[in-house]
Amino acid sequence: GTVGRVPERVKAGTMEKSRPLWDNPLQFVFACISYAVGLGNVWRFPYLCQMYGGGGFLIPYLIMLIAEGMPLLYLELAVGQRMRQGSIGAWKIISPYLCGVGVASVVVSFFLSMYYNVINAWAFWYLFHSFQDPLPWATCPLNSNRTGYEEECEKTSSTQYFWYRQTLNISPSLEASGSVQWEQALCLTLAWLVVYLCILRGTASTGKVVYVTASLPYCVLIIYLIRGLTLHGAVNGLIYMFTPKLEQLLNPKTWISAATQIFFSLGLGFGSLIAFASYNEPSNNCQRHAIIVSLINSTTSIFASIVTFSIYGFKATFNYESCINKVILLLLNAFDLEEGSLTADNLNEMKDYLMATYPLEYAQLVPQIKNCSLEAELDTAVQGTGLAFIVYSEAIKNMEVPQLYSVLYFFMLLMLGIGSMLGNTAAILTPLTDSRAIASRFPKEVISGVVCFVNCIIGLIFTMEAGNYWFDIFNDYAATLSLLLIVLVETIAVCYIYGIRRFEKDLYTMIGHKPNWYWKIMWAFVSPLLIISLFIFYLTDYILTGTLQYQAWDATQGQLVTKDYPGYALAVIGLLVAASTMCIPLGALVTFIRKRLKREQISTVA
Amino acid sequence: MLRALLLTLSVVAIAHAELCKPDAQNAFKVRISIKTALGDNAYVWDANEEYLFKAMVAFAMRRYSSKSTTQISNVLLCNVTDRVSFWFVVTDSSKNVTTVPGSEVEAAIRMNRNRINNAFLLSDKTLQFVKITTTLSPPVESSTPVWLIVFGVVLCLIVAGIVFLIISGIRKHKKKNKESTERENLEEKVEVTLENGIPCEALDIKAGHVNGVFAADDERFTSL
C-alpha cells in the first residue's frame, strides 16, 4: 500500500548525506597527534625547560598534564564525538546561548591559520636552499669591493644574517612596512597549495596525509637523536639541561609556564579537536585516545628537548672552542710566539705569564681578549623562530654532510607545521560544511579553496619587510587570552549548564562506562580553577607591564633592540583579542533577542 | 784589500739593517702558520724556506713589472721569530740602497698571491701578508638560483595533485548525479504507474493484470 511506498519515496528523493568518517580509529589518533605535536614541542618546551629549572621543570609539567591536559582533552573529544558537529553546531546543541563559543573558536582558528602558514613558508625556503654546497647560511656574502664580508654579516653571524636579511629582509621597525618579498610570497602560496591539497577531500584525504605528518617527524627526531648524541660537546648540553635546579619550583612563573605550555601544546579551544572527533564512530573510545594523545604529546616534548639540548651543547662547545682559538691566535700574533705553544689547557697560565712579562703590550690587547665561557654560550636561551631557524641551522652547518641533515630537519619542521595546519583548517571548515546554508550551495572543494585563498591573500602581510613584527603580534596575542576564556566557558558549560550527570550518561552510551571520580573532579573544579588563575595572571601581567614592547632588528648594530609598539599596532592587538572574546557574550545576546522575537511573533499570531 | 772588502761588507750589512727592520718604509710583515695549515705534515721553517720565499717575491716582482732586474739578493728578510713571522723589503738594484715603493710590492704580491701560496702549500689565511688585504673569491653562483628549480618542481607536483583530485572529484560527482537521476526516473515511473490509481497506460500495458477497483480501494483505506 501507500504506507509501503512513502518511506521508499523519502529514501530515494531526499536521502541524507551520511557524515564522512575516519577509515579507522588509528587515523583519528594520528590526526590528533599530528595536530597536537607541532612546532611548540620543538621550539618552546626546550626553552621553558632551560629557563625554569632544567630537569626539575618536568615536575610541574607532569602535574599540569594530569590536572589540566588530559581532562580538558577528553572533554573536547567527547563533546565532538557526541554532538557529531563542528564547534559551532556542537555548542549550539549544548545550549543555544553558547553558539558564540563556537564562533569564537572559529575566529581564533582563522587568526591562527592566517599567520601559522608563514612558518611553513619559511621552512620551504630553508628546505629549498639546503640543496647547495656550501649551505648559503654557512658563509657571509662578500661586500662590494670583495675585500671582506658584508658589514651587517660581520657584526652578527652568518646564520643570523641569512635569517634576518636574506629570508625576512626585515625592516628596522614596525612602522617601516616595506614591500612584499616576492620570494616569501611564492613560498607562502606553495604552503597554502600544499594545505589545500591535503584538505581537498575532507577526511578522505586528511586521513591519509596524517599517517605521514604524524610519523615522519619521529623518524627525523630519532635520526637527530643518534646524530646529536654523537656530536662533540653534546654531553655538555645534556648535563646542563638535566641538572635540576629545584629552587625554580618556588618561582610561581614556573608553574604558570607549565600550565600554559600544556594548555597551548594540546591545541585546546580552537575547535580542531571537536572537528576531528565529530568524524568518529559514536562508539569510539575517546577516553583511551585522550590519554594516549596527551601522553604522546608530552613525551614528544621531552624527546625533542633531548635532541635540542644535545644540539645546543654541540653549538655551545663549538663556539666556545672557536672563541678560545681566536684568543690564542691573537696572543700568538701579538707576541710572535711559536705555534702550538698556546693551547686551550695552558691558556690561563700563559695569559698570566704574558701579563707579567710584557705588561704594556698586554694592557693594549686586553679590550680585544674575550673571556670565553662555556656556561655563557649554554645560557643563551632561545625560543621560537630564533631557535628553529637560527640556532639549529648554525649547528647544522658545522656537521658533516650538512645538506642531508638540513633537508631532514626542515622537512620535519614542514611536517609538524602542516599537521597543525590541517587541524586549524578543519576547525574552520567543519562548521562551514556543517551549516546547510553554505554546504548545499557550494561543494566542499570550493569552500576549502575559498578559505585557503582568503588566508593566503591576508598572509601576504607577513611577507612584507615588517612582516615578522606583525607575525610576533599575532603569535603572542591572537590566541592566548581568548583561548583561556573559551576553554573556561567550555568547561563550565559542560559541567554546569549541560550538567555533568547528563554528560556522564552520554559517555556511558558512547564508550560503555561512566567516567570515574578523577575525571569529574578535574572537570568540575580543578581545571576551571587553574584556567581562572592563568587568566588572572596574564591580565595582571599585561596591565602591570604598561606599554607593550617588541624586539626589532637593528642592522647597524647587528642585534635585536627593544622598541615600543606604535598606537595602531596596539589597536590591532586589542581588536584581535576583542574579536574572539566578544563573540561569546554577543552570541548569547543574539540568541536571546531571537528567542524574544520568536516568542512575540508566536504570541501575536496566537 | 781585505780591509776594503770588510768595510764594504759592513756598509752593505748596515745598509741592509737600515732598510729591513720592523715598521721600516716599504717593509711588509709576513705571518706564517704552517702547523695550522698542514697539521702533522708540517715542515720546519728554515733557511731553505726563506730562500724559496725570497725567490717567490723576486718572481712576483719580475712578473709584475716585466723587467727582469729583480734578483733574489734584492729581497731582504729580517726579524724572523718563532711564530713564524718576519719582515721583508725589496731593494732596487738600479738605484743604490733604496727600496721599491710599497705600492708596487703590494700590487705584485696581489697579482701572484695564488702562486706564492701554492709554493708553500698554504692559503691566504695561513700565509698572511699583514697590510695586504686579499680579494676573497666569491661563492659559486649558478645563473638560476637552485632554490627556484626545486621550488618549481615541488610546485608542479602539488598543482598536478590538486588538479587530479579536483577532476576525479567532479567525475565522481557527475557519476553520482547520473546514477541518482536514473534511479529517480525509474522510481518515478513505478510510482506514476501505481499512484495514479487506474492508469490507462497500465491497463493498456498489463491488460487485466491489475484490478483497478482493488487498487483504488486500497488507496482509500490507507491514505493518511
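The figures that follow rest on heavy atoms only: side chains count, while hydrogens, waters and symmetry mates do not. Chain identifiers are assigned alphabetically (A, B, ...) following the order of the sequence lines, protein sequences preceding nucleic acid strands; residue numbering begins at 1 within each chain.
- Between B:Lys35 and A:Glu338 there is a salt bridge, since at least one side-chain N of the basic residue sits less than 4.0 Å from a carboxylate O of the acidic one.
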**Message:** Assess the residue pair A:Lys155 and A:Glu151 against the criterion (salt bridge (charged side-chain N to carboxylate O under 4.0 Å, His left out)); give the C-alpha distance rounded to whole Å, side-chain angles, the decisive distance to 0.1 Å, and a yes or no.
**Reply:** CA-CA 6 Å; A:Lys155 297 230 173 75; A:Glu151 203 187 310; 3.2 Å; yes
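- In this pair, B:Phe88 and B:Phe53 present their aromatic rings perpendicular. The plane angle is above 60°, beyond the 30 to 60° band.
- For B:Thr36, the parts sitting under 4.5 Å from any heavy atom of chain A are the backbone and the side chain alike.
- Note on B:Ile162, B:Leu157, B:Ile149, B:Ile166: by heavy-atom pairs under 4.5 Å with chain A, the leading option is B:Ile162.
- Between B:Trp147 and A:His129, the ring planes are parallel. Angles under 30° get that label, and only those over 60° would be called perpendicular.
- The aromatic rings of A:Trp163 and A:Trp122 sit perpendicular to each other, their planes meeting at more than 60°, with 30° as the lower class boundary.
- With a threshold of 4.5 angstrom between heavy atoms, A:Gln132 approaches chain B through side-chain atoms but not through N, CA, C or O.
- Using a 4.5 Å cut-off between non-hydrogen atoms, no part of residues 113-120 of chain B approaches chain A.
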**Request:** Check the pair A:His232, A:Glu321 against side chain to side chain donor-acceptor pair (under 3.5 Å), reporting the backbone distance first and the verdict last.
**Result:** CA-CA 11 Å; A:His232 167 63; A:Glu321 287 178 356; 3.0 Å; yes
**Asked** Which is it for B:Lys29 and B:Asp23 under the salt bridge (charged side-chain N to carboxylate O under 4.0 Å, His left out) test, yes or no, and what are the steps along the way?
**Response** CA-CA 8 Å; B:Lys29 181 167 184 180; B:Asp23 298 317; over 6 Å; no
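- Heavy-atom distances place both the backbone and the side chain of B:Ser168 under 4.5 Å from chain A.
- No more than 12 heavy atoms of other residues, nucleotides or ligands lie within 6.0 Å of CD in B:Gln25, so this atom counts as exposed by the packing criterion.
- Counting only N and O atoms by type, the side chains of A:Thr206 and A:Thr203 include no donor and acceptor under 3.5 Å apart.
- For B:Ile32, the part lying under 4.5 angstrom from a heavy atom of chain A is the backbone only.
- Most heavy-atom pairs under 4.5 Å with chain A, from the set B:Ile34, B:Val84, B:Val159, B:Leu148: that is B:Ile34.
- Of the listed residues A:Leu190, A:Val194, A:Thr189, A:Leu329, the one with more heavy-atom pairs under 4.5 angstrom with chain B than any other is A:Leu190.
- Residue pairs satisfying the side-chain hydrogen bond (donor to acceptor under 3.5 Å, both in side chains) criterion with at least one member in residues 76-89 of chain B, sequence neighbours excluded, are listed as follows: A:Asn333-B:Arg83, A:Asp336-B:Ser85, B:Ser33-B:Arg83, B:Thr81-B:Ser85.
- If you measure heavy-atom distances from A:Leu200 to chain B, the contacts under 4.5 Å come from the side chain alone.
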